[in-house]
Amino acid sequence: MAEVALRGVSKRFGAVEAVADLSLTIAHGEFVVLLGPTGAGKTTTLRLIAGLERPDRGMIAIDGRDATHETPAERDVTMVFQHYSLYPHMTVRENLAFPLRSPVLRTPEETIRTRVHQVAETLQIAHKLDNRATALSGGEMQRVAIGRALVRNPAIHLMDEPLSSLDAKLRADLRVELKRIQADLGATILYVTHDQIEAMTMATRIGVLDAGRLVQVGSPREIYENPVSLYVAGRLGQPRINTLPADLFPGAPAGAATIALRPEHVRQGSGRPARVERVERLGDQTRLHLTLDGHAIVTLAEVHTDLEPGDTLPVEPQNALYFDATGARIA
Amino acid sequence: MSGYSITEPSRRTKWLAGVLVAAYAVITLIPLLWIIATGFKSNTDAIAYPPKVVFTPTLEGYVNLFTVQNRATPAQLAENPPETWYDRIVADRGMVISGPSRFGERFINSVIIGFGSTFLSVLLGTLAAYAFSRYRVPLKDDLLFFILSTRMMPPIAVAIPIFLMFRWAGLSDTHAGMILLYTAVNLSLAVWLLKGFIDEIPREYEEAALIDGYTRFQAFVKIVLPQAATGIASTAIFCLIFAWNEYAFAVLLTSGTAQTAPPFIPTIIGVGGRDWPAVAAGATLFLVPVMVFTILLRRHLLRGITFGAVRK
Ligand SMILES: Nc1ncnc2c1ncn2[C@@H]1O[C@H](COP(=O)(O)OP(=O)(O)OP(=O)(O)O)[C@@H](O)[C@H]1O
Ligand SMILES: [Mg+2]
C-alpha cells in the first residue's frame with residue numbers, strides 16, 4: 001500500500017503512441033478506475049506501472065522512490081491480466097501460493113496455508129483448490145487470478161478488467177468484495193473496466209483515456225456530471241448520452257455545435273413535439289426511443305408508462321451539456 | 001474426455017484406426033522380433049533352412065557376445081570342469097572362456113556419448129531457443145536460417161575436414177570429441193524444434209511470474225521449462241536416437257577407447273565364424289536403452305497438450 005505516481009510517461013509502439021505524456025497520482029488507499037475505448041492505452045498504462053514495459057519518457061514513482069528502472073519483482077505490485085489467468089501446469093492451490101513462495105516474500109508454509117484458504121473462501125473457490133488450473137470454468141479461472149493478487153499485500157493492485165467474464169450475480173458479489181477489501185485493508189488499486197456500474201460504484205476517482213492521453217480525472221460524479229469534452233461525456237451513461245445539433249432546441253450558447261442530453265436532461269411534457277418510435281421495458285427501467293426532426297433521442301420514462309409507439313411527446317432540454325465544434329465543453 | 005462429443009471420432013472409425021495401427025505395428029515389429037529370437041537360438045538354428053520359428057532357447061549367443069573363448073582339448077576340460085552355467089555352455093562346444101569381450105566397454109561408451117550429447121544438445125538447444133523466442137536478437141532470422149542450413153547436407157559430407165580437425169585437436173577416439181560432434185549435429189534440430197514449442201507458451205505466464213516476485217531465470221525454470229516439457233522430451237528422444245545409432249562418424253573417428261557399439265557389433269561376426277546369435281544378442285541389448293528412455297518420457301509426450309489457462 002503506497003502512493004503511485006506517473007509523471008509525463010510516454011510509450012510508443014512503432015507508429016502507435018500507446019500512452020502519451022500521462023501524469024497521474026494514485027494516493028495511498030485510493031481506488032482509481034481507468035476508462036477508455038479499446039486501444040486507448042489502458043493495458044499499456046498498467047504494464048508500465050508493473051515494469052513489464054519501459055517508458056520512452058517520464059518517470060514512475062512508487063512509495064516515493066523512483067521505480068522507473070526497477071524490475072517488476074522490486075516494484076511490489078500485483079497484476080490481474082486481461083487475457084490471462086493461471087499457470088496451467090499447477091493446481092489452484094499452487095497458483096495461489098506461487099507469489100507467496102517467491103524469493104522476495106519467502107512466506108512460511110504455515111502462513112501460506114492460512115492465506116490461501118482465506119482468499120479461496122472469499123472468492124468461493126475453496127472446493128476447487130486441488131483442481132488443475134486448466135480444469136476450471138472461465139469464471140473460476142478469473143477468480144483464482146484475482147486471488148493470486150489478493151494473497152499479497154502489495155504497493156498497488158493492478159487489475160485489467162478482472163470481472164469481465166463472470167455472471168451478473170458473481171460480478172455483483174465480487175464488486176462488493178473488492179470494494180470491501182480495498183476499504184478494510186486500505187489497498188491501493190488501479191482498475192480497468194468498461195462496465196459503468198463497476199466504475200461508478202467502486203472508484204474513488206476515474207481517469208478517462210483517449211488515444212493514450214489522460215483527458216480528465218475526477219470523482220465518478222464529476223466525470224458523469226461535469227465532463228470536459230463530448231468524448232468523456234460519452235464514456236458513462238445508460239442509455240448512452242444523446243448528441244444532437246445544438247440548434248435543435250432554442251437557447252444554445254454562442255459557439256455551441258452540439259447539445260448532449262442524458263435522460264435526466266430531457267424534460268418531458270413541454271417544448272418541441274417528438275414522436276415515440278419504440279418503448280423498451282427492461283424491468284427496472286423503461287426506455288423511450290423518440291425522433292425529433294429526424295434525430296433519434298433515447299430517454300427514460302416512468303416504468304409503467306402508458307406511452308405507445310406513434311404518440312407525440314413534447315420534450316425540451318434541462319441543464320444540458322453544450323460542446324463546440326471540436327468537442328470541448330462550453331457550457 | 002468423457003461422453004460423446006461431435007469432435008470425438010465414431011466407434012467404427014476408432015475400430016478401423018485401431019486395426020490399421022495394429023497391422024502396421026505387426027509389420028514393423030516382425031524384423032525386430034526376429035532379431036530378438038535369433039539372439040536366443042543356437043548357431044545351427046539361426047542359419048537353419050527353412051527358418052525355425054519354434055526352437056529351444058539358449059543363452060549361447062549372449063555368452064559369446066560377452067566373452068572371448070579358446071578351443072580346449074578334452075583333457076584340459078576334464079582337468080578344469082566347468083563351474084558356472086556359462087562355463088558349461090561354452091564347454092559343451094569344447095571351448096573355455098579366456099576373458100571378457102570388448103562389448104561391455106563399447107556399450108558403456110555408447111551410453112556416455114549418446115546420453116552426454118543428448119543432454120548437451122537439449123540444454124544448449126533450450127537456452128538458445130528461449131533466447132531466439134523471447135529476446136530481440138540482432139540478425140535473428142539470418143542466424144536461425146544459418147543454424148538450419150547446417151542440416152542441408154548430410155553431415156558425413158564434411159567427414160574429411162572433421163577427421164582432420166579432430167586429429168589436429170587431439171579429439172580423435174575420445175569421448176569428448178564424439179559428444180561434441182553429435183551435439184553439433186543435433187543442435188540445429190534441437191533449436192528449431194524447441195523454438196517452436198517455446199513460441200507457443202504465452203509470454204504472459206512469465207510476465208505474471210516476474211510480477212509475482214521471481215527473476216527472469218527463475219520464471220524460465222519454474223514456468224517455461226515445465227510447459228516446454230513435451231518439446232524437451234521429444235527433442236531429447238530425437239537427439240538420442242541419432243547419436244545412439246550413428247555409424248559413419250563412429251567408424252571414422254573411433255577405434256578403441258571411445259568406440260561406440262554400432263561399429264563394434266559387426267566385428268562380432270568375424271570372431272568365431274558366422275556367429276549370428278551373438279550379433280543378434282548385441283543388437284537386442286543395443287535397442288534397450290533407447291526403448292527405456294522413450295518409455296520413460298512417454299508420459300510427457302502424451303500429457304503435453306495442455307489447453308492453456310488463457311482467457312480469449
Ligand atoms: N506490444 C505491442 N506492440 C505493438 N503495439 C502495441 C503493443 N501493445 C499495445 N499496442 C498498441 O497500443 C495501443 C494501446 O493498447 P492497449 O493494450 O493499452 O489498449 P487497451 O486500452 O488496453 O485496449 P482494450 O480495451 O482493447 O484492452 C493499441 O493501439 C495497441 O495496438
Ligand atoms: Mg487492454
Side-chain angles (χ1 to χ4, degrees), chain A residues 43 46-47 49-53 71-90 92 94-107 131-142 144-145 148-149 151-152 154 156-158 160-162 164-165, chain B residues 1-3 5 7 126 130 133-137 140 194 196-235 297-312:
Chain A
T43 300
L46 298 194
R47 290 173 61 86
I49 297 175
L52 297 175
E53 306 284 355
T71 65
E74 289 165 342
R75 293 184 189 208
D76 187 26
V77 303
T78 68
M79 182 154 170
V80 179
F81 287 77
Q82 182 176 12
H83 288 296
Y84 154 88
S85 356
L86 306 172
Y87 304 120
H89 58 293
M90 299 183 191
V92 170
E94 287 162 349
N95 264 280
L96 291 175
F98 192 72
L100 297 175
R101 294 214 168 101
S102 78
V104 179
L105 293 183
R106 290 189 191 288
T107 319
N131 275 39
R132 278 181 75 80
T134 43
L136 295 175
S137 76
E140 286 162 350
M141 283 186 193
Q142 210 163 4
V144 178
R148 234 185 35 219
V151 290
R152 283 172 57 191
I156 187 168
H157 288 293
L158 305 168
D160 203 348
E161 305 189 32
S164 63
S165 73
Chain B
M1 200 163 283
S2 62
S5 83
T7 52
T126 309
Y130 181 75
S133 173
R134 294 297 196 257
Y135 289 88
R136 230 175 285 134
V137 179
K140 181 190 282 189
L194 285 163
F197 280 100
I198 292 176
D199 282 344
E200 291 293 303
I201 304 170
R203 279 156 190 261
E204 278 151 322
Y205 292 130
E206 283 156 85
E207 294 179 342
L210 293 185
I211 291 176
D212 280 345
Y214 292 81
T215 64
R216 185 106 205 194
F217 182 72
Q218 288 162 337
F220 172 73
V221 172
K222 286 181 185 286
I223 305 299
V224 178
L225 284 189
Q227 291 189 65
T230 313
I232 292 172
S234 39
T235 308
L297 292 187
R298 193 187 49 167
R299 200 168 56 90
H300 292 286
L301 296 182
L302 296 182
R303 214 187 46 185
I305 311 141
T306 48
F307 301 91
V310 175
R311 164 157 70 95
K312 288 271 158 67

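The shown structure was predicted, so the numbers you read here are calculated from the model rather than taken from an experiment. In what follows, every chain begins at residue 1, and chains take the letters A, B, ... in the order their sequences are listed.
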Undergrad: Would you give the length of the straight line joining atom OG1 of Thr71(A) to atom CD1 of Ile211(B), rounded to the nearest 0.5 angstrom?
TA: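 Rounded to the nearest 0.5 Å, the OG1-CD1 separation comes to 10.5 Å.
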Undergrad: For Tyr205(B) and Tyr87(A), take the angle between the two ring planes, folded into 0 to 90°, and tell me which bin it lands in: parallel under 30, tilted 30 to 60, perpendicular over 60.
TA: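 Because their plane-to-plane angle lies in the 30° to 60° range, the rings of Tyr205(B) and Tyr87(A) count as tilted.
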Undergrad: Ignoring hydrogens and angles, write down the donor-acceptor pairs under 3.5 Å from the side chains of residues 218-225 of chain B, residues two or more places apart or on other chains.
TA:
{"residue": "Gln218(B)", "atom": "OE1", "partner": "Thr215(B)", "partner atom": "N", "Å": "2.8"}
{"residue": "Gln218(B)", "atom": "OE1", "partner": "Thr215(B)", "partner atom": "OG1", "Å": "3.2"}

Undergrad: Do other residues, nucleotides or ligands put more than 12 heavy atoms under 6.0 Å from Glu74(A) CD?
TA: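 Atom CD in Glu74(A) is packed in, count exceeds 12.
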Undergrad: Work out which heavy atom in Ser102(A) is nearest to a heavy atom in Gly213(B); give both atom names and the distance.
TA: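 Looking at all heavy atoms of both residues, the shortest contact is CB-O, 3.7 Å.
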Undergrad: Taking atom CZ of Arg203(B) and atom CG of Leu52(A), what is their separation to the nearest 0.5 Å?
TA: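 Going from CZ on Arg203(B) over to CG on Leu52(A), the span is 11.0 Å.
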Undergrad: Does Glu207(B) have any salt bridge (Lys or Arg N to Asp or Glu O under 4.0 Å) partners at least two apart in sequence or in another chain, and if so, which?
TA: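 If we apply the salt bridge (Lys or Arg N to Asp or Glu O under 4.0 Å) test to Glu207(B), skipping adjacent residues, the hits are Arg47(A).
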Undergrad: For residues Asp212(B) and Arg101(A), determine if any side-chain heavy atom of one lies less than 4.5 Å from a side-chain heavy atom of the other.
TA: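 They are not in side-chain contact.
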